[in-house]
**Student:** 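This structure is in structure tokens; I'll ask about it shortly.
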Amino acid sequence: MAIDPQVQRHIMGHFATGVTVVTAMCDGQFAGMTANAVTSLSLHPPLILVAVEKTATMHAALTASRHFAVNILDTAQEALSRRFAQRGPKEVGDLTWKTADSGAPILVDALAWVDCRLAEVLSGGDHDIFIGEILAGDCREGSPLLYYCGKYKRLEA
Ligand SMILES: Cc1cc2nc3c(=O)[nH]c(=O)nc-3n(C[C@H](O)[C@H](O)[C@H](O)COP(=O)(O)O)c2cc1C
């Protein structure tokens with residue numbers, strides 16, 4: 001018998017992660033979703049993956065846009081993470097972003113970002129795995145926002 005989903009969530013919540021907001025422009029509209037199911041996949045070629053729930057608004061946005069950015073958040077961006085983890089439409093009017101070469105929006109205050117072209121989509125149960133070819137990226141010094149056991153954390157000095 002398979003493990004109970006809540007037990008799986010509790011156990012896997014012990015896997016501490018960073019926090020990202022995945023962004024895309026879809027029909028001229030900014031789309032964003034908080035995501036921590038993100039992994040640097042390959043260097044040759046340069047690939048990253050993000051697992052997106054099939055019912056998420058972002059799933060349709062990524063499928064349509066074919067380009068996306070992964071913005072790695074710092075501790076000052078916890079509110080942004082909470083905003084883009086909410087169900088339903090998100091307020092984006094106050095955000096400052098720049099447009100990457102691919103057309104994907106980059107959050108200017110992100111700790112790091114990569115701009116991606118959608119390379120492949122694999123099925124993963126109730127999620128799909130979006131594999132992006134990394135076209136460009138940048139990073140700065142800072143303190144990463146972390147997520148552990150359902151709570152936001154930060155590195156101790
Ligand atoms: C820390 C954190 C990480 C998350 N990571 C993911 C993820 O990797 N993939 C995903 O599909 N949803 C993830 N979510 C949930 C989505 O952010 C959330 O379901 C989505 O923003 C809902 O928006 P929608 O109603 O517009 O689809 C995460 C939520 C939080 C708080």
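Please read these numbers as outputs of a predicted model, since none were measured by experiment. Hydrogens, waters and symmetry mates are skipped; everything else that's a heavy atom, side chains included, is used. Whatever order the structure lists ligands and atoms in, that order sets their numbers, starting from 1. In this chain, residues are counted from 1 in sequence order.
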**Student:** Report yes if some N/O of Tyr147 lies less than 3.5 Å from some N/O of ligand 1; otherwise report no.
**Tutor:** no
**Student:** Should Glu53 and Arg87 count as an ion pair when the cut-off is N to O under 4.0 Å?
**Tutor:** yes
**Student:** Quick test: of every protein heavy atom, which one is nearest to atom 15 (C) of ligand 1, and how far off is it to 0.1 Å?
**Tutor:** Thr34 O, 4.1 Å
**Student:** Using a strict 4.0 Å threshold on nitrogen-to-oxygen distance, state whether Arg83 and Asp94 make a salt bridge.
**Tutor:** yes
**Student:** So, for Glu133 and Leu47, which heavy atoms are closest and what is the spacing to 0.1 Å?
**Tutor:** CA-CD2, 3.8 Å
**Student:** For side-chain contact (heavy atoms from CB on, under 4.5 Å), just list the numbers for Asp128 and Ser123, CA-CA rounded to whole Å, side-chain angles, deciding distance to a tenth of an Å, and then say yes or no.
**Tutor:** CA-CA 5 Å; Asp128 275 336; Ser123 181; 4.0 Å; yes
**Student:** Give me the nearest non-hydrogen protein atom to atom 27 (O) of ligand 1 as residue plus atom name, then the distance to 0.1 Å.
**Tutor:** Thr57 N, 2.8 Å
**Student:** Among Arg83, Lys54, His127, Arg87, which one has a heavy atom closest to atom 19 (O) of ligand 1?
**Tutor:** Arg87
**Student:** List every atom of ligand 1 that sits less than 4.0 Å from any heavy atom of Ala37, numbering the atoms from 1 in the order shown and giving each element.
**Tutor:** 8 (O)
**Student:** In this structure, does ligand 1 have an atom that sits under 4.0 Å from one of the heavy atoms of Met58?
**Tutor:** no
**Student:** In terms of atom number and element, which parts of ligand 1 are under 4.0 angstrom from non-hydrogen atoms of Gln86?
**Tutor:** 21 (O), 22 (C), 23 (O)
**Student:** Identify whether Met33 and Leu62 are in the same connected component of the hydrophobic contact network (ILVMFWY, side-chain heavy atoms under 4.5 Å).
**Tutor:** yes
**Student:** N/O of Tyr152 under 3.5 Å from N/O of ligand 1, yes or no?
**Tutor:** no
**Student:** Could you tell me the residue and atom name of the protein heavy atom closest to atom 18 (C) of ligand 1, and the distance to it rounded to 0.1 Å?
**Tutor:** Ala85 O, 3.6 Å
**Student:** How far is atom 3 (C) of ligand 1 from its nearest protein heavy atom, and which residue and atom is that?
**Tutor:** Asn36 OD1, 3.4 Å
**Student:** Closest non-hydrogen protein atom to atom 20 (C) of ligand 1, residue and atom name please, with distance?
**Tutor:** Met33 CG, 3.7 Å
**Student:** For atom CZ of Arg117, is the number of surrounding heavy atoms from other residues, nucleotides or ligands below 6.0 Å larger than 12?
**Tutor:** yes
**Student:** Taking all heavy atoms of Asn36 and all of Tyr147, pick out the closest pair and write down the distance.
**Tutor:** ND2-CD2, 3.7 Å
**Student:** With heavy-atom distances below 4.0 Å as the criterion, list the atoms of ligand 1 near Gly88.
**Tutor:** 24 (P), 25 (O), 26 (O)
**Student:** Can you tell which part of Ala51 has a heavy atom less than 4.0 Å from ligand 1: side chain, backbone, both or neither?
**Tutor:** backbone
**Student:** Considering all heavy atoms of both residues, which atom of Cys116 and which atom of Ile134 are nearest to each other, and what is their separation?
**Tutor:** SG-CG1, 4.1 Å
**Student:** With a cut-off of 6.0 Å (strictly less than), are more than 12 heavy atoms of other residues, nucleotides or ligands near CG of Asp27?
**Tutor:** no
**Student:** Hey, is the main chain of Leu122 close enough, under 3.5 Å, to the side chain of Glu120 for a donor-acceptor pair?
**Tutor:** no
**Student:** Heavy atoms only: give me the nearest Tyr148-His14 pair and the separation to one decimal.
**Tutor:** CE1-O, 3.2 Å
**Student:** Would you mind finding which of Lys151, Arg82, Glu53, His59 brings a heavy atom closest to atom 11 (O) of ligand 1?
**Tutor:** Glu53
**Student:** Considering only heavy atoms of Val52, which atoms of ligand 1 have at least one such atom less than 4.0 Å away?
**Tutor:** 11 (O)
**Student:** Return a yes/no value for Lys90: is any of its N or O atoms, backbone included, closer than 3.5 angstrom to an N or O of ligand 1?
**Tutor:** yes
**Student:** Which of the numbered atoms in ligand 1 are below 4.0 angstrom from a heavy atom of Phe84?
**Tutor:** 17 (O), 21 (O)
**Student:** Which ligand 1 atoms are under 4.0 Å away from a heavy-atom of Ala56?
**Tutor:** 27 (O)
